[in-house]
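One structure is given below, encoded as structure tokens.
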Protein chains: 2
Amino acid sequence: MTLETDAKTTKVPIRRDPDASRQRILAAATEMFAEQGLDGARVDEIADRSGMNKRMLYHYFGNKEELFGAVLEELYETICRESTKLDLGTGSPPEAMQRLVDFALNFYLDNPHAMTLLNNANLHKARHLKQSGRVRSIHEPFEDMIKALLDRGVANGDFRGGLNAARLYITIVGLTYYYLSNGHTLSLVYDRNLYDRKELRAWREHMHDVIARFVSADQPAANL
Amino acid sequence: MTLETDAKTTKVPIRRDPDASRQRILAAATEMFAEQGLDGARVDEIADRSGMNKRMLYHYFGNKEELFGAVLEELYETICRESTKLDLGTGSPPEAMQRLVDFALNFYLDNPHAMTLLNNANLHKARHLKQSGRVRSIHEPFEDMIKALLDRGVANGDFRGGLNAARLYITIVGLTYYYLSNGHTLSLVYDRNLYDRKELRAWREHMHDVIARFVSADQPAANL
DNA sequence: GGCGTAAGTAACTAAATAGTTATTTCAGGC
DNA sequence: GCCTGAAATAACTATTTAGTTACTTACGCC
């Protein structure tokens, strides 16, 4: 960063920056926990990767478990921040629904960390997140956005009525998440690489198809 | 104590049973790995729980990683064994498809271990299964069964053509798996317990609905 | 019945690992 | 300028952990 003019001194003064230090630790921890899981991750390596002293990790976060909690909370914030960029109020409802599907798939493609982190959170029955309490409020606006889209689609005659926003969302993310998170074992079973471009493109189209048919008020385009 | 034939005085002879010993270790390991993950599980505790000496674990399985591999392989065998019990050749195609969906959901409900084990396998990019090679052959008959069902449904006029068996299967398991595996964080987000009977029943119906609409040749009846 | 091998045991070890202690260094308010 | 508390460091420790060693005990085969 910015350098002082005193190059002649024997000791290079250490520029302090608490916020940046905290953030660097959090970033290194996110990476490590995602790669190795909560128990597989090593505190010493997190410290090394962040370029910070291990003691600082305890200074800012208390202990390994709380650090993991902080990582998860930040993850939910990221999910929320990205989610609200989506404007589902414009375009035709079916087209907006496609954008919602694309958003979910793109998000987890761009944030591969997210899945292993969430898997670990669930392995521990989400106890690291239960303390937070913020999770719910973080999700709410997103939920409302989907509800509004469904209402708009029904009013429009594109979507059928009685659809549940939460179930729709779990469906979309489920299709994304399982494919990507279990892609290694699935690739083994099906003897091909589910992560390559062609396979991913096919899966995206498949998801569009499944969701379109699910919400559609009438026979989905196929062959009528 | 000069009596020599008394069983309880000197020593109780230990009955040996290699197969049973191996199996007990494997069962204890399955439990532990499922609860705590590969890195969270402790070799000493696996030994304790199985009632065996830790040395036996190394005798039968080599080391912790290979033991984990053995657990995963056994899991795939279980999945295969259960799968082939399904007879999708009888009943109407839509009814058989419903049974397939129920099978997936029931399997993961009855084998909660399976999901955390598979999550761990994927966290380590399935490297523990790559050695096995049996995985693919284990899956094949199941794949064929689904293909046959799809063909039957198309011939029947119930299902549309051009459906891909692998994608259908991934879709069904994805809907099951994500809901159950990430139920803890989802329950937090939606502020209700997704594992209770009512929620589970609703999700089962939702899955039937999604799949029925996906495979249907025509407009699926509104509330089948 | 005795003999070789596999099953089983207890106690050990070397390396890791989460968390601490004691101490120094900087930044900003007065 | 200087003083206080937060930021940072290096070296340490008490445990834990996967894996071993050296040994004993039962089973099956001739």
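Chain identifiers are assigned alphabetically (A, B, ...) following the order of the sequence lines, protein sequences preceding nucleic acid strands; residue numbering begins at 1 within each chain.
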Rounded distance (Å) that lies between atom P of C:dT17 and atom OH of A:Y58: 12 Å

Whether A:K64 side chain and A:L38 backbone form a donor-acceptor pair below 3.5 Å: yes

Side-chain heavy atoms of B:Q36 within contact of B:R42, under 4.5 Å: no

Of the listed nucleotides D:dT9, C:dT20, C:dG8, the one nearest the side chain of A:K54: C:dT20

Distance in angstrom units between A:Q23 CD and D:dA7 C1', rounded: 17 Å

Atom-to-atom span, NZ of B:K64 to C1' of D:dT16 - whole angstrom: 12 Å

Nucleotide D:dT16, atom C1' - distance to CG of A:D39 in whole Å: 13 Å

B:R99 and B:N106: side chain donor to acceptor below 3.5 Å: no

Interatomic distance where CZ belongs to B:R42 and C1' belongs to D:dT15 [whole Å]: 12 Å

Out of C:dA10, D:dT20, D:dA8, whichever nucleotide has its closest atom nearest the side chain of A:S21: D:dA8

Residue A:R55, side-chain atoms from C-beta onward, closest of D:dA18, C:dT17, D:dA10: D:dA10

Main-chain N/O of B:L175 paired to A:Y178 side chain as donor or acceptor, under 3.5 Å: no

Integer-rounded Å distance: D:dA18 P and B:E66 CD: 15 Å

Among C:dT9, D:dT17, C:dA18, the one nearest B:M56 by side-chain distance: C:dT9

Donor-acceptor contact present, side-chain A:N111 to main-chain A:H113, <3.5 Å: no

Given C:dA7, D:dT20, D:dA8, the nucleotide with the shortest approach to the side chain of B:Y60: C:dA7

Sugar-phosphate only, base, or nothing, as touched by B:A20 at under 4.0 Å among non-hydrogen atoms: nothing

Pairwise 5' ranking along DNA chain C for A:G40 and A:N53, keeping only the more 5' one: A:G40

Touch class at under 4.0 angstrom, heavy-atom based, for A:A47 against every strand present: nothing

Rounded distance (Å) that lies between atom C1' of D:dA18 and atom CD of B:E45: 15 Å

Atom-to-atom span, CZ of B:F61 to P of D:dG19 - whole angstrom: 14 Å

Residue A:H59, side-chain heavy atoms: nucleotide from D:dA7, C:dG19, C:dA6 that is nearest: D:dA7

Selection from C:dA18, D:dG19, D:dT9 that lies nearest to any side-chain heavy atom of B:N63: D:dG19

